[in-house]
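Right, one structure below, let's go through it.
Computed over heavy atoms, backbone and side chain alike; hydrogens, waters and symmetry mates excluded.
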Amino acid sequence: MTKYIKLTICAAILIVLVVIVFWVRSAFKGNYIELGANENIDPTPTQIQSIRDIGEWEFLSISAEEMVDTVRKGIFTDDELVRIYYGTLRLGINMQNLADSAIAVKGDSLQVTLPKVGLLDKDFIDESKTKPFYESGKWTPQAHQALYQKAQKQMLQHCLTNENITAAQSNAESQIRNLFTQLGYKNVVLNFE
């Protein structure tokens with residue numbers, strides 16, 4: 001009888017295993033796991049934040065020198081104030097202004113919309129290099145401030161030309177395209193706001 005019991009137990013176990021196999025197959029019919037490589041690289045929020053963290057990205061630096069003067073008419077003599085101002089205007093993009101929707105994958109291309117190239121720092125005059133050229137009479141701090149503002153306006157007018165902005169934008173396109181190429185994107189389409 002022991003042999004008969006052993007055969008019965010083995011047959012029961014075999015039947016249970018067959019039932020389990022058929023049950024598992026029917027339960028997962030049509031479901032499968034496939035392994036493969038995804039050639040598309042989607043920008044992640046971490047990558048976008050890392051690009052924003054670059055902050056101000058300079059693409060063109062322009063050194064400027066302006067001689068500015070003012071004359072105050074007097075009864076007997078005229079007072080004159082002449083100063084030479086030096087400054088460095090930095091053109092670039094503040095990546096903090098990058099919109100959330102600025103980077104998108106469309107087909108096999110990465111579409112990037114960048115903030116426009118502009119002046120990164122409005123305090124570009126180096127006061128330590130300012131030189132008095134000629135000064136006659138007594139001048140108030142307000143007169144000196146007015147002369148400073150006049151120099152600032154002239155530097156902006158002489159340096160923020162279309163040619164300089166175009167050169168900065170061209171440098172931006174080259175450097176930013178290189179950045180995304182290094183991140184693994186093959187086709188990068190750049191636009192400016």
Side-chain angles (χ1 to χ4, degrees), residues 31-69 83-133 144-193:
N31 294 338
Y32 58 92
I33 297 174
E34 181 178 319
L35 299 177
N38 182 356
E39 296 296 323
N40 294 335
I41 304 171
D42 293 332
T44 64
T46 304
Q47 286 176 321
I48 293 172
Q49 187 57 45
S50 294
I51 293 168
R52 279 192 183 123
D53 289 344
I54 292 171
E56 292 182 343
W57 195 345
E58 181 181 322
F59 299 110
L60 184 65
S61 179
I62 308 160
S63 294
E65 175 183 328
E66 291 289 337
M67 180 181 279
V68 185
D69 67 339
R83 293 189 144 216
I84 300 173
Y85 292 90
Y86 297 91
T88 304
L89 288 82
R90 299 178 313 119
L91 300 181
I93 295 174
N94 187 341
M95 299 306 273
Q96 294 290 327
N97 298 333
L98 195 67
D100 290 335
S101 61
I103 302 173
V105 176
K106 293 189 179 176
D108 67 344
S109 297
L110 181 72
Q111 301 275 336
V112 182
T113 303
L114 297 167
K116 68 183 207 175
V117 171
L119 185 65
L120 294 177
D121 186 8
K122 295 184 191 232
D123 297 323
F124 49 83
I125 292 179
D126 187 350
E127 284 286 346
S128 67
K129 291 183 179 178
T130 299
K131 295 180 183 175
F133 186 74
H144 286 276
Q145 182 62 29
L147 205 61
Y148 174 90
Q149 290 173 346
K150 185 177 178 182
Q152 193 175 37
K153 186 177 178 181
Q154 286 180 357
M155 283 185 190
L156 286 170
Q157 184 179 1
H158 294 142
C159 297
L160 286 184
T161 62
N162 287 335
E163 293 83 15
N164 286 340
I165 292 172
T166 301
Q169 188 169 324
S170 176
N171 290 341
E173 287 177 11
S174 173
Q175 291 182 33
I176 292 172
R177 187 176 311 282
N178 186 39
L179 169 74
F180 285 112
T181 302
Q182 295 299 319
L183 289 174
Y185 300 100
K186 293 178 184 170
N187 300 321
V188 180
V189 178
L190 295 174
N191 297 306
F192 289 90
E193 290 178 348

When you compare the side chain of [Y] with that of [X], does any pair of heavy atoms fall below 4.5 Å?
X      : Y      : answer
Val189 : Gln111 : yes
Leu91  : Leu160 : yes
His144 : Arg83  : yes
Leu156 : Phe124 : yes
Lys131 : Tyr86  : yes

Donor-acceptor contact below 3.5 Å, side chain [X] vs main chain [Y]:
X      : Y      : result
Gln152 : Lys122 : yes
Lys116 : Gln169 : no
Thr181 : Arg177 : yes

For residues [X] and [Y], report the shortest heavy-atom separation together with the two atoms involved.
X      : Y      : value
Thr130 : Pro132 : O-CD, 4.1 Å
Met67  : Gln154 : O-OE1, 4.1 Å
Ile93  : Ala172 : CD1-CB, 4.2 Å
Ser61  : Thr88  : OG-CG2, 3.2 Å
Met155 : Leu89  : O-CD2, 4.2 Å
Ala168 : Phe59  : O-CB, 3.4 Å

Passes side-chain contact (heavy atoms from CB on, under 4.5 Å), Ile103 versus Leu98? Steps please. CA-CA 9 Å; Ile103 302 173; Leu98 195 67; 4.1 Å; yes
State the [atom1]-[atom2] distance between [X] and [Y], to the nearest 0.5 angstrom.
X      : Y      : atom1 : atom2 : value
Gln96  : Glu56  : CD    : CD    : 9.0 Å
Leu119 : Leu60  : CG    : CG    : 11.0 Å
Thr166 : Asn171 : OG1   : CG    : 11.0 Å
Trp57  : Leu179 : CH2   : CG    : 5.0 Å
Tyr85  : Glu127 : OH    : CD    : 6.5 Å
Phe192 : Glu173 : CZ    : CD    : 4.5 Å

